[in-house]
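Residue numbers start from 1 in every chain, and the chains themselves are labelled A, B, ... in the order their sequence lines are given, proteins ahead of strands. Only this structure's heavy atoms are used, side chains among them; waters, hydrogens and symmetry mates stay out.
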Amino acid sequence: MLDLRQIRDNTQAVQALLNQRGDYNLQPLLELDLQQRELEKQRSQLQSRGNEIGKLVGQKMRVGTNPDSGEIQLLRSEGNEIKTALSQLEPKEKEIKAQIEILLLTLPNLPSENTPLGKNEEQNVEVRRWGEEYIPSFKLAMPHWEVGEAMGILNFERSAKVAQSRFVTLIGAAAALERALINFMLKRHIQSGYVEVIPPFLINSTSLTGTGQLPKFAEESFKCSHDDLWLTPTAEVPVTNLYRDEILESPQLPIRHCAYTPCFRREAGSYGRDTRGLIRLHQFNKVELVKFVHPDTSELEHQSLVQDAEGILQALKLPYRVLELCTGDLGFSAARCYDLEVWLPSAGKYREISSCSNFKDFQSRRANIRFKEPTKKGTQFVHTLNGSGLAIGRTMAAILENYQDSHGIVRIPEVLQPELGREIL
RNA sequence: GGAGAGGUGGCCGAGUGGUUGAAGGCGCAGCACUGGAAAUGCUGUUUACUCGUAAGGGUAACGAGGGUUCGAAUCCCUCCCUCUCCGCCA
């Protein structure tokens with residue numbers, strides 16, 4: 001959520017930044033803001049007089065004035081008039097406040113000053129590549145879903161029977177590999193100083209609003225019909241909301257968490273895309289990194305977050321590149337974002353495997369996550385950041401392809417061999 | 001799911017419908033005392049919105065939302081959460 005005061009005081013600047021992202025108009029919001037403040041002024045004046053009357057009546061009663069006396073009757077009737085006036089004002093103000101809230105919740109974050117300008121994903125900026133020497137030089141025998149099915153370790157058909165299309169069942173070696181990957185990633189992140197959490201996988205609407213999935217992206221998540229609970233689309237939501245409505249002490253910062261969760265996404269509007277394999281499923285596993293940091297350190301923390309995610313790909317010797325998203329491709333809540341893309345031989349291109357965002361104070365404003373500095377008065381909003389470290393299913397796909405030899409035999413990355421107790425899948 | 005008890009400031013804990021943002025205690029900060037510390041004393045110690053250049057003012061908040069009243073932490077209703085017992089269950 002953007003700061004309403006900033007919108008009010010720096011309308012031009014905010015508008016200019018929003019224009020880099022799309023078509024947004026601040027005028028209606030500003031008008032509502034003006035109305036709301038006027039109503040607030042009137043209301044608080046009435047309330048002030050109302051309080052005064054209450055006190056006066058109390059004083060008189062205390063000294064023994066007859067409750068039915070004229071002066072008290074007079075005060076009472078003025079009190080009633082105020083009540084009537086307030087009952088007219090209050091709903092109006094509430095309505096306007098609600099409208100302001102809706103407008104604010106639907107405005108995206110402002111891009112950071114470092115974010116490259118651009119209209120769409122084609123104008124994202126490639127920052128670096130790693131591991132090109134690991135890209136297989138021969139023609140791939142089978143894409144990952146075929147090799148997985150051939151080995152009997154991935155089953156899509158039965159999963160569609162059990163659930164729907166876009167689900168997978170991992171069998172035997174694939175299940176073991178999945179588990180090993182989760183474990184390997186968590187271990188590394190814990191070593192780098194992240195504290196592991198296993199949050200609830202069902203989350204309420206307030207939590208989804210806090211991180212920015214609601215109200216705009218309701219159709220992307222699965223909702224439980226009898227409860228105000230949704231299946232989490234990413235660990236970002238439950239983990240960020242862990243500190244919702246809290247005031248942290250600055251020495252507690254930065255807080256760094258890593259979390260394994262399954263993720264559930266409806267993938268509405270992507271019907272024709274990635275219909276085969278592990279790339280786009282309704283349910284997938286992911287290890288997520290989440291940070292709560294002091295605004296002064298958020299840029300550094302963002303860079304190190306990206307490195308922590310990259311570290312996994314490097315350890316697995318999977319070739320990848322790093323893109324910085326341009327203003328036009330930035331996610332709704334992000335101010336700045338790097339995508340890690342892993343090389344996927346079946347597609348002959350890099351595919352997203354991690355997205356590392358700095359949300360600055362956008363989420364913390366929505367979720368009301370603040371901190372206090374001993375020397376400063378008042379509170380400030382923390383900066384939140386997160387990134388995949390990594391998406392497990394896509395990592396598995398990358399391994400099944402990049403580690404496949406010309407006969408369709410898949411080796412296991414060295415770092416996972418001890419855990420799995422073998423070299424070949 | 002059934003029955004009961006309860007939700008007050010960073011924490012503990014008072015609170016009779018009347019000037020209570022809330023006694024008292026603990027904690028914390030500052031000052032005084034001290035060679036230094038402890039102990040003691042004094043002072044201070046929530047957040048949000050809004051008006052104001054500022055000093056400062058106004059309003060709101062005692063789980064949440066409604067209601068009664070001139071006035072609600074206190075009375076009424078709904079919901080949420082916690083605890084205890086019973087049932088069920090991994």
Heavy atoms only, 4.0 Å cut-off, all strands: where does R43(A) land among base, sugar-phosphate and nothing? sugar-phosphate

Between N51(A) and rG71(B), is there a side-chain N or O to OP1/OP2 distance below 4.0 Å? no

What does T379(A) touch in the nucleic acid at a heavy-atom separation under 4.0 angstrom: a base, only the sugar-phosphate, or nothing? sugar-phosphate

Using a 4.0 Å heavy-atom cut-off across all strands, classify K83(A) as base, sugar-phosphate, or nothing. base

For S44(A) and for G54(A), find the nucleotide of RNA chain B with the closest heavy atom, then tell me which residue's nucleotide is more 5'. G54(A)

For R8(A), answer base if it contacts any base atom (sugar-phosphate contacts may also be present), sugar-phosphate if it contacts only those atoms, and nothing otherwise; contact means non-hydrogen atoms under 4.0 Å. sugar-phosphate

Nucleotide opposite rG44(B) in a Watson-Crick or G-U pair, distances under 3.5 Å: rC28(B)

List the residues meeting side chain to side chain donor-acceptor pair (under 3.5 Å) with E310(A), not counting sequence neighbours, and say none if there are none. R128(A), Y320(A)

Given that both distances must come in under 3.5 Å, which nucleotide forms a Watson-Crick or G-U wobble pair with rG17(B)? none

Member of L313(A), L289(A), L318(A) meeting the side-chain contact (heavy atoms from CB on, under 4.5 Å) criterion with L390(A): L313(A)

Do the side-chain N or O atoms of S48(A) get closer than 4.0 angstrom to the phosphate oxygens (OP1, OP2) of rU59(B)? yes

What nucleic acid atoms does K60(A) come within less than 4.0 Å of, heavy atoms only: base, sugar-phosphate, or nothing? nothing

pair_partner(rA22(B)), Watson-Crick or wobble, both distances < 3.5 Å, evaluates to none

Checking base pairs now: Watson-Crick or wobble, both atom distances under 3.5 Å. What partners rG7(B)? rC80(B)

Phosphate OP1/OP2 of rC49(B): any R37(A) side-chain N/O under 4.0 Å: no

Side-chain N or O of R370(A) versus OP1/OP2 of rU47(B): is the shortest distance under 4.0 Å? no

Check whether S159(A) reaches the backbone of N155(A) with its side chain - one donor and one acceptor, N or O, closer than 3.5 Å. yes

With rounding to the closest Å, how many angstrom separate the P atoms on rG4(B) and rC79(B)? 15 Å

Test your reading of the model: is there a side-chain donor-acceptor pair from T65(A) to the backbone of M61(A), 3.5 Å cut-off? no

Pair K360(A)-S298(A), side-chain donor/acceptor within less than 3.5 Å: no

Assign R49(A) to base, sugar-phosphate, or nothing according to its heavy-atom contacts below 4.0 angstrom with the strands shown. nothing

Check every strand shown and say whether Q59(A) touches a base, only sugar-phosphate, or nothing at a heavy-atom separation below 4.0 Å. base

Paired with rC62(B) by Watson-Crick or G-U wobble geometry, both distances under 3.5 Å: which nucleotide is it? none

When all nucleic acid strands are considered with a 4.0 Å heavy-atom cut-off, which category describes K372(A): base, sugar-phosphate, or nothing? sugar-phosphate

